[in-house]
Number of protein chains: 2
Amino acid sequence: MTPVTPTAPKDLRPAPELDDLDRRLLTLLRENSRMTNQALSERLGIAPSTCLARMKTLQRTGVIRRFTVEVDPRALGRGIEALISVRLRAGARHLMSSFSEGLKEVPEVSQFFFLAGADDFLIHVVARDTDHIRQFVLEHLSSNQAVAATQTSLVFEHVHGSAEL
Amino acid sequence: MTPVTPTAPKDLRPAPELDDLDRRLLTLLRENSRMTNQALSERLGIAPSTCLARMKTLQRTGVIRRFTVEVDPRALGRGIEALISVRLRAGARHLMSSFSEGLKEVPEVSQFFFLAGADDFLIHVVARDTDHIRQFVLEHLSSNQAVAATQTSLVFEHVHGSAEL
DNA sequence: GTTGAAACAAAACATAA
DNA sequence: TTATGTTTTGTTTCAAC
């Protein structure tokens, strides 16, 4: 029996218990991850040393995966986005793992999902224009022996959730 | 004629020209947005003051939308993800805007896309378990008069792209 | 657009409570 | 967890290039 997840298995370490303070800290960091430790501690009403200790624990235990930045795709000359659902040939599932590793490094790929259901995965791509998307599909999907079918939907708007944790 | 995008229109300000230095700076920040200005300037081979000036410009012009953090959903007791595609009733398109605003504030909603194509949008939700997802669909989608149909796919794995800019 | 130097602020760490 | 002290490191401004 092969595992369900196609790429490197993740730790199944039980989720560390987060208290209300942790959640408020994560909420603040989600809004602005460059806030200084001091500013964070003030907003939380705790000592800077405590705040720092919390943050380190959150990083060490993997609750915080990384601090990152959201970039406007248009600024990078990537004004168009698409979602591409992909179905693999029945006999080609074992190729998903290597396929996944390759995809991750393709500049147009913003994120992708492995799915349970009719389609095997869904790729979110960010590109210059529709020709660029077509080229992506031809080069990285259609030409792949493992791919049975693809379906591309252009994205009118992409919204990130902003709810509290 | 109503606009295509259902939520607040975005600036159509032309993308500011980014040079190689800007792109390298963004790449570094994407890997770790809490790197100090000094460390960033060293990696780029420029003075700290120059690095700071670049970063401020990127923020001011909207190239950098926000500094944020990626949190492991499992740590929040949200161990399961799903993608839900939604088709609206033909006469209900005018409700998309208010629908969108509401969705953004629902804690389970990680992101969503407005689409051109057969489906009207696609919602990425993060939940405790499958019951939680079912409850989300019932409460926020099926019960909505504007929704004609939904289709839920569970996510086995969610991968973020890590290609250079 | 870039720089270095100076003044200021914060981080990191240890320690003791 | 906090408060405090010390040392090291980083931020920010600005005049000058």
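Every chain is numbered from 1, with letters handed out A, B, ... down the list of sequences. The structure displayed is predicted, hence computed values, not measured ones.
- Annotation: side chain to side chain contact (heavy atoms under 4.5 Å, CB included) contacts of T68(B) (sequence neighbours excluded): R30(A), T68(A), E70(A), R66(B).
- Within residues 49-58 of chain A, the residues approaching DNA chain D are S49(A), T50(A), R54(A), by heavy-atom distance under 4.0 Å.
- Here F99(A) and F121(A) bring their ring centres to under 6.0 angstrom of each other.
- Remark: R34(B) engages no residue in a salt bridge (Lys or Arg N to Asp or Glu O under 4.0 Å) (not counting sequence neighbours).
- Under the salt bridge (Lys or Arg N to Asp or Glu O under 4.0 Å) criterion, R43(B) pairs with no residue, sequence neighbours left out.
- Screening residues 136-150 of chain A for side-chain hydrogen bond (donor to acceptor under 3.5 Å, both in side chains), with sequence neighbours left out, gives Q135(A)-E139(A).
- The stretch residues 141-156 of chain B participates, sequence neighbours left out, in no salt bridge (charged side-chain N to carboxylate O under 4.0 Å, His left out) pair at all.
- Applying the salt bridge (Lys or Arg N to Asp or Glu O under 4.0 Å) test to R24(A) and every residue at least two apart in sequence or in another chain returns D20(A).
- Hydrophobic cluster membership of L52(B), counting Ile, Leu, Val, Met, Phe, Trp and Tyr whose side-chain heavy atoms lie under 4.5 Å apart directly or via other members: none, as it forms a cluster of its own.
- Think of the region where chain B sits on DNA chain C: with heavy atoms and a 4.0 Å cut, that region ends 5' and 3' at dG1(C) to dG4(C).
- Within residues 26-45 of chain A, the residues that place at least one heavy atom under 4.0 Å from DNA chain C are, in residue-number order, T36(A), N37(A), Q38(A).
- Sorted by first then second residue, the side-chain hydrogen bond (donor to acceptor under 3.5 Å, both in side chains) pairs that include residues 46-55 of chain B, not counting sequence neighbours, are D19(B)-R54(B), D22(B)-R54(B).
- Counting Ile, Leu, Val, Met, Phe, Trp and Tyr side chains that sit under 4.5 Å apart, directly or through other members, V155(B) shares a hydrophobic cluster with L83(A), F113(A), L115(A), L122(A), V155(A), L83(B), F113(B), L115(B), L122(B).
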